[in-house]
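This report concerns only the one structure given below.
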Amino acid sequence: MDQEAYVEAVLRVVESIPPGRVLSYGAIAEYVGQGGPRQVGAVMATYGGSVPWWRVVRADGRPPLCDTGEARAEYLREGTPLRGRLDDGLTRIDMAAALWSPASP
DNA sequence: CTCTTGACGCCGG
DNA sequence: TCCGGCGCCAAGA
């Protein structure tokens with residue numbers, strides 16, 4: 001699998017994530033079956049601008065570090081399952097409820 | 001060829 | 001919860 005195919009595979013998965021749900025970098029890498037979480041992150045850093053990047057989160061339920069606050073607004077708008085207080089800037093995602101599986105929509 | 005770096009992940013302390 | 005360390009894979013210096 002060449003670079004372009006890998007990038008497309010990753011973007012395809014990210015675009016297929018329904019509103020209100022999320023996937024972790026690791027989960028995406030696992031589903032694509034190539035590379036690791038860091039590779040997915042690298043793809044997102046370059047081409048993430050054209051996909052719903054806020055639906056891609058860390059395995060521990062935190063949004064990407066690069067998030068400047070836009071993600072939190074999206075979660076509120078889409079009704080993504082969150083945990084804890086939302087006004088403390090530490091928006092965490094309820095992984096158990098929000099994690100989505102590409103294979104079983 | 002080696003070393004550093006990164007939108008990561010897991011295990012302690 | 002926060003912090004640090006180590007593993008991980010690929011790209012760039």
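What you see below is based on every heavy atom in this structure, not just the backbone, and it leaves out hydrogens, waters and symmetry mates. The chains referred to below are lettered A, B, ... by the order of the sequence lines, with proteins before strands, and numbering in each begins at 1.
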Taking N or O atoms only and anything under 3.5 Å, show me the protein contacts with nucleotides 10-13 of chain C, one pair per line.
{"residue": "dA10(C)", "atom": "O4'", "partner": "Gln39(A)", "partner atom": "OE1", "Å": "2.7"}
{"residue": "dA11(C)", "atom": "OP1", "partner": "Gln3(A)", "partner atom": "OE1", "Å": "3.4"}
{"residue": "dA11(C)", "atom": "OP1", "partner": "Gln3(A)", "partner atom": "NE2", "Å": "3.0"}

Pairs under 3.5 Å (N/O, protein and nucleotides 3-7 of chain C):
none

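Taking CD of Glu15(A) as the reference point, atom CH2 of Trp53(A) lies at 15.5 Å (rounded to 0.5 Å). Considering CZ of Arg92(A) and CZ of Arg58(A), their distance stands at 14.0 Å, rounded to 0.5 Å. To the nearest 0.5 angstrom, Glu30(A) atom CD is 8.0 Å from Ser24(A) atom OG. In this structure, Asp60(A) CG and Met95(A) CE are separated by 8.0 Å, a value rounded to the nearest 0.5 Å. Interatomic distance, Gln39(A) CD to Tyr25(A) OH, rounded to the nearest 0.5 Å: 13.0 Å.
Taking Asp94(A) as the reference, Pro81(A), Arg83(A), Ala96(A), Ala97(A) meet the side-chain contact (heavy atoms from CB on, under 4.5 Å) condition, with sequence neighbours excluded.
Here the side chains of Pro63(A) and Tyr75(A) are in contact, with some heavy-atom distance below 4.5 Å. Pro19(A) is not listed as a side-chain neighbour of Glu74(A), based on a closest heavy-atom distance of 4.5 Å or more. Under the 4.5 Å side-chain criterion, counting only non-hydrogen atoms from C-beta, Ile17(A) is not in contact with Trp54(A). In this structure the side chain of Leu23(A) never reaches within 4.5 angstrom of the side chain of Val56(A), judged on heavy atoms. Side chains of Trp100(A) and Val22(A) form no contact here, defined as non-hydrogen atoms less than 4.5 Å apart.
When rounded to the nearest whole Å, the span between CZ of Arg83(A) and P of dT1(C) equals 7 Å. In this structure, CD1 of Ile28(A) is placed 21 Å from P of dC8(C), rounded to the nearest angstrom.
More than 12 heavy atoms of other residues, nucleotides or ligands shown are found within 6.0 angstrom of OH on Tyr6(A).
Helical stems in DNA chain B, defined as runs of 3 or more consecutive Watson-Crick or G-U wobble pairs with donor-acceptor distances under 3.5 Å: B:2-6 with C:9-13, B:8-13 with C:2-7.
Across every non-hydrogen atom of Ile93(A) and Val57(A), the tightest pair is CD1-CG1, 3.3 Å.
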Working for salt bridge (Lys or Arg N to Asp or Glu O under 4.0 Å), residues Arg21(A) and Glu78(A): CA-CA 9 Å; Arg21(A) 300 317 251 349; Glu78(A) 297 181 351; over 6 Å; no
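Close approach of DNA chain B to chain A, defined as any atom under 4.0 Å from a non-hydrogen atom of the protein, starts and stops at dG6(B) to dC10(B).
Nucleic acid contact class of Ala45(A) (heavy atoms, under 4.0 Å, all strands): base.
Counting only distance, with no hydrogens or angles, the side chain of Thr46(A) and the backbone of Ala42(A) share a donor-acceptor pair below 3.5 Å.
Proximity of residues 6-22 of chain A to DNA chain B (heavy atom under 4.0 angstrom from any strand atom) is not detected for any residue.
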